[in-house]
Amino acid sequence: MSEPFESRTRYDPAEAEPRILAAWLESGLFHPEPAGTPAENYSIAIPPPNVTGVLHMGHALNGSIQDTLIRYHRMLGRRTKWILGTDHAGIATQTQVERQLVAEGSGREELGRAAFVERVWDWRSRYGGAIVEQYKRLGASCDYQTERFTLDDDYAAAVTKVFIALFEKGLIYRDNYLVNWDPGTRSAISDLEVAEQEVTDTLYLIAYPLAEGDGDGDGDADGEVVVATVRPETMLADTAVAVNPADPRYQHLIGREVILPLLGRRLRIIADDYVKVDFGSGALKITPGHDPNDFEIGRRHGLEQISVIGEDGRMTEAAGPRFAGLPVASAQAAVIAALEEDGVLRGREPLTHAVPFSHRSGRRIEPLISLQWFMRMGPLAAPAIAAVEAGRVRFHPESQGRRCLDWMESIRPWCISRQLWWGHRLPVYYCDACEETYVAAVPPARCGLCDGEVRQDDDVLDTWFSSALWPFVTLGWPEPTAELAAFYPTDVLTTARDIVFLWVARMIMMGLEFTGEAPFHDVYVHSVILAPDKRRMSKSLGNGVDPIAEIDRHGADAVRFGLLAMSSTQDVPYSAEKIAQGQALANKLFNASRFVLLRVAPDAVPAPVAAAIEDRWILSRLTRIELELARRIEAYDFSHAAHAVYDFVYRELCDWYLELVKGRLAGEGDGDGDGDGEDRLAVSQTLLHVLRETLALAHPLIPFVTEEVWTHVRRPGDGLLAGAAFPVADEALLDPRAEAGLERAIAATEAIRGWRDEVAIKPKVIVPVRLAADGYDEVAPLVARMARLRLETAGAGGPRAGGGARARAGAGAHGGVGVDGGVGGDVLVRVPVPGGIVEVLAGEGVDLRAHGERRAKRREELEAEIARAAGKLANPGFVAKAPAEVVAAQHERLAQLEAELTAL
RNA sequence: GGGCGGUUAGCUCAGCUGGUCAGAGCGCCUGCCUUACAAGCAGGAGGUCGCUGGUUCGAGCCCAGCACCGCCCACCA
């Protein structure tokens, strides 16, 4: 009713959104007081974005999904909490700050650990809040009052407690083990942070001469074994050569020795099934110190583990004086040169194979043996597997649950220590004097055995270790807080599939281990939004689309709607069209609301008043959309939910209902001349009711525009729409008869409009017709209105009271044929509509030839369809085996088609 | 090497337990500045549903094989 509606014909999100957001934040609606039980309440823990991060499309989609769920449940009256926070993101954050230091001509080593960590905190306080502000732009109704950070003191204390508990349980241990060494971050990383890439390397064939006097008794150095490798520099760490025990070429050599070129070490020839007979020469050099497979073989055969590559990416002393100190790349060249010199290089050929790369730094992984902390996962995975199998945690789609199970069932130890400074430092202390180790929250002042100094382990925990505790630590665990009691377990976890193992599986394990309950009962795994070119969005490709820029351009509702509409369970390319569709929807809703509010009496009470069939129809359709939307949201089917809202608003509400009631609102009423106050009030009440319910049901998906319009339709005492109730479908309003009637009316209207267009009748011309069709008792006037017809009664000679008054204005002025009254029974042409025909009594400029063509075409269609239906019914198999109702439906269809054909 | 998903209108995608299921948005063509919206409204054109067989009275929808495309897992130097 207020001024914007009178003047503005377009919804302006840039103007409205900040205002609405401020109102939401101020309302306190996003912050629930902890009370009630988790079963009554609804909570979601946000996947904590990296504190360094900026909002990308994945966040935007994930945020839109979570906010839709959160707002929906809040409107259902549940006490609703969306747990917000950020992740310290060890490697990512440290790298970012280090880069800054380098730019300043400094570095972390120069700063020292304490100062560096200080610097990161400083950085975080300055730039760390950016992404939270971006979530606000999206309209995310997180609990901004209780934002958490994975490195806060309380959080750190919880992490320490967990570490100690798992250590005491024997699940955390320290070991020398072959790890994925990332030369970029100069830290070990876990298997999950490694991604393989195809690389073409050179495969070198190297001859290892047989050692003398070791088997055949004649003392000759009578041969050689050729091995193949793409990493010749690692040969310096070889401790054996392996062959397949069944390989006839080598059987006689098993147990003998070869001489390692360059170093002269004697290597035993061992037999192991792992070696493939048909690959390369069938002999495999064994390097336990630098190859995962060789490491396993080495353990099986009790071989020594030699490390020739250090954590600094240079060759170690063990590589021998010629190579020690060289960077790996130069060492490779030097080794090749030396081998050639010695005449043992037997060949080289290109080999394309998969090689591990660091997800974090992009550098090629250097497998090497390192003293690290590990976590034994089997005992933790077992209860998680049971929970997923029993359906206590359900994945959507189910295939992701299967995938998660597969991973958990073959889970391996997790390397949890990282050689970084930014993170949760291990609560582990060593006494160097007596080599005692202490694992404790509070370190002993001095060693309990020898009274020596103790020092803390330098390493920090993998970021995912703390992330795994997210759903319960954010709520206050290990303290028995009110928040924990009210909101744990949470309800659903939504994410893309790339962190199902990295994060989701581990959360389930840790939740079960430390709280006895799975942290959520549903996991919704959504699409990855690809770039429009169908490749992954990436900085290096430069094909990313910035959601904030899209919000600036099209509004948050448009972006939310678009993302939800394009999402599915598989990857989807970003669709600018869907965003545009969302923007159009917001605008449509805005203008439809203007239409209502500029006409409806301010004193009208919103109430469903079924005064006419179209009222009963829209109320019935509204009820159906309410039922559908609730069903879709609860099934995590957001794409259909979005499209359902769109279709309802466009098709049913705007295209048909608003157009249908325009006349009644203008006071044409039931034709008594000067408008019908009673009917007008009824329409007003219904319109207001439908509008309010439409806003409410669309609100979880497109919160801003609905909230904006709500300010104009709300009544005294109504609060924000965000705090209003989601419409409860009133099934008493379902009205199949009204739906069938309108369905027929709409089909007839469309048929006549199509005909009009084809025979070139001017849009403004009112065409006099006689309706000779069944099923239009209640809706004939509606068809007349929408198709711009004037209904004559069969056999009558003059205009009817009902249609006459309405038709006069447009048609009379243009002098259309026969619209001056006095039309007789002469039928000009016949137009088929469902259930019969419309007899056109006269028409201005009807293109008879076009009409003829159209009729002929329709006749052809009908004949084809009749033939098909008749054919089916003539098939004895069909009649005998198909369900009776299907056969009956086919009979009815045939009858209708034939009736239409006859009428033609 | 194993597993999963996809192949439907020019483009991006819907199509539930087989029987009006051949659809939507965008794009395209035609007509309308109809007093909510011209970033709008009305109408229209456009597809042998990847290929080949099979099951069935009936198949985008089920089965088998094949061809492409994508993703995940995996220890072939």
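What you see below is based on every heavy atom in this structure, not just the backbone, and it leaves out hydrogens, waters and symmetry mates. Quick caveat, the model's predicted, so the values are computed rather than measured. We name chains A, B, ... by the order of the sequence lines, and we start the count at 1 in each one.
Among the protein residues, A:Thr229 comes within range of the sugar-phosphate backbone only, with heavy atoms under 4.0 Å from sugar or phosphate atoms but none that close to a base. At a threshold of 4.0 angstrom between heavy atoms, the contacts of A:Arg10 include nucleobase atoms, whether or not backbone atoms are also involved. Across all strands shown, A:Ala584 has no heavy atoms under 4.0 Å from either base or sugar-phosphate atoms. Using a 4.0 Å heavy-atom criterion, one finds that A:Phe501 contacts the sugar-phosphate atoms exclusively. In this structure, A:Arg893 reaches the bases: a heavy-atom distance under 4.0 Å links it to at least one base atom across the strands shown. At a threshold of 4.0 angstrom between heavy atoms, the contacts of A:Pro573 are confined to the sugar-phosphate backbone, with no base atom among them. Within the 4.0 angstrom heavy-atom criterion, base atoms lie near A:Gln583. When heavy atoms are screened at a 4.0 angstrom cut-off, A:Pro883 is found touching base atoms of the nucleic acid. At the heavy-atom level, A:Glu398 lies nowhere under 4.0 Å from the strands shown. Using a 4.0 Å heavy-atom criterion, one finds that A:Asp498 contacts no nucleic acid atom at all. Note on A:Tyr274: a base of the nucleic acid sits closer than 4.0 angstrom, heavy atoms only. Within 4.0 Å of A:Arg412, counting heavy atoms only, lie sugar-phosphate atoms of the nucleic acid but no base atom. Among the protein residues, A:Tyr650 comes within range of the sugar-phosphate backbone only, with heavy atoms under 4.0 Å from sugar or phosphate atoms but none that close to a base.
Both A:Val886 and A:Ala283 sit near RNA chain B, but only A:Val886 has its closest nucleotide nearer the 5' end. When the nearest nucleotides of RNA chain B are assigned to A:Glu750 and A:Asn587 by heavy-atom distance, the more 5′-ward of the two goes with A:Asn587.
Pair assignment for B:rA24 gives B:rU12, based on Watson-Crick or G-U wobble hydrogen-bonding distances that are each under 3.5 Å. With both pairing distances under 3.5 Å, B:rG19 is matched to B:rC57 as a Watson-Crick or G-U wobble pair. Pairing of B:rC49, defined by two Watson-Crick or G-U wobble distances under 3.5 Å, is not identified with any nucleotide. Look at B:rG31: its Watson-Crick or wobble partner, with both distances under 3.5 angstrom, is B:rC41. In a base pair of the Watson-Crick type (N1 to N3 plus N6-O4 or O6-N4) or a G-U wobble (N1-O2 and O6-N3), with each distance short of 3.5 Å, B:rA67 is matched with B:rU7. Across all strands shown, B:rC76 forms no Watson-Crick or G-U wobble pair with both key distances under 3.5 Å.
Defined by atom type and a distance below 3.5 Å, a donor-acceptor pair is present between the side-chain atoms of A:Thr352 and A:Thr200. Using modelled atom types and a 3.5 Å distance limit, the side chains of A:Ser527 and A:Asp571 yield no donor-acceptor pair. Of the N and O atoms on the side chains of A:Glu550 and A:Tyr574, at least one donor lies less than 3.5 Å from an acceptor on the other residue.
Atom C1' of B:rC16 sits at a distance of 16 Å from the matching atom of B:rA22, rounded to the whole Å. Comparing B:rC71 with B:rA64, their P atoms are spaced 25 Å from each other, to the whole Å. Spacing between B:rG46 and B:rG25 at atom C1', rounded to whole Å, works out to 15 Å. Taking atom C1' on both B:rC21 and B:rG40, the two are 30 Å apart, rounded to the nearest angstrom. A distance of about 10 Å separates the C1' atoms of B:rA59 and B:rG19, rounded to the whole Å. The C1' atoms of B:rG58 and B:rG43 are separated by 35 Å, rounded to the nearest whole Å. B:rU7 sits 16 Å from B:rU52 when the C1' atoms are compared, rounded to a whole Å. The gap from the C1' atom of B:rG3 to that of B:rG44 amounts to 47 Å, rounded to the nearest Å.
We find the CG-NE2 distance between A:Asp637 and A:His643 to be 10.5 Å, quoted to the nearest 0.5 Å.
Minimum atom distance to the side chain of A:Leu284 is reached by B:rA77, of the listed B:rA74, B:rA77, B:rC41. Closest to the side chain of A:Gln570, out of B:rA45, B:rA42, B:rG6, is B:rG6. The listed nucleotides are B:rG15, B:rA39, B:rA77; the one nearest the side chain of A:Val275 is B:rA77. Distances from the side chain of A:Arg651 to the nucleotides B:rG25, B:rU12, B:rC37 place B:rG25 closest. Here the side chain of A:Arg403 is nearest to one of B:rG19, B:rC72, B:rU34, namely B:rC72. Set against B:rG25, B:rA77, B:rA14, the side chain of A:His640 has B:rA14 as its closest nucleotide. Distance from the side chain of A:Lys534 is smallest to B:rC13 among B:rC41, B:rC26, B:rC13. Considering only the side chain of A:Lys588, B:rG40 comes nearest among B:rG40, B:rG19, B:rC26. Each of B:rU12, B:rA74, B:rA38 was ranked by its minimum atom distance to the side chain of A:Glu196; first place goes to B:rA74. Comparing B:rA77, B:rU34, B:rC37 against the side chain of A:Arg594 picks out B:rC37 as the nearest.
The heavy-atom pair separating A:Pro288 from A:Thr239 by the smallest distance is CD-OG1, 3.2 Å. Nearest heavy atoms, A:Val308 versus A:His290: N-NE2, 2.9 Å. Taking all atoms of both residues into account, the shortest heavy-atom contact from A:Arg753 to A:Trp656 is NH1-CH2, 3.7 Å.
Base orientation of B:rG60: syn, the glycosidic angle falling within 90° of 0.
The shortest distance between the side-chain N/O atoms of A:His353 and the OP1/OP2 oxygens of B:rA77 is below 4.0 Å. A sub-4.0 Å separation between OP1 or OP2 of B:rA45 and a side-chain N or O of A:Lys857 is present. The side chain of A:Lys578 contributes no N or O atom lying less than 4.0 Å from OP1 or OP2 of B:rC11.
Within a 6.0 Å sphere centred on CD of A:Glu892, heavy atoms belonging to other residues, nucleotides or ligands number 12 at most.
One atom, CD of A:Glu409, and another, P of B:rG3, lie 16 Å apart when rounded to the nearest Å. Atom CZ in A:Arg785 sits roughly 15 Å away from atom P in B:rU34 (whole-Å rounding). Following rounding to the nearest Å, A:Asp757 (CG) and B:rC32 (P) show an atom-to-atom distance of 10 Å. The distance from atom OH of A:Tyr636 to atom C1' of B:rC16 is 20 Å, rounded to the nearest whole Å.
Using cut-offs of 30° and 60° for the angle between ring planes, the A:Tyr646 and A:Phe561 rings count as tilted.
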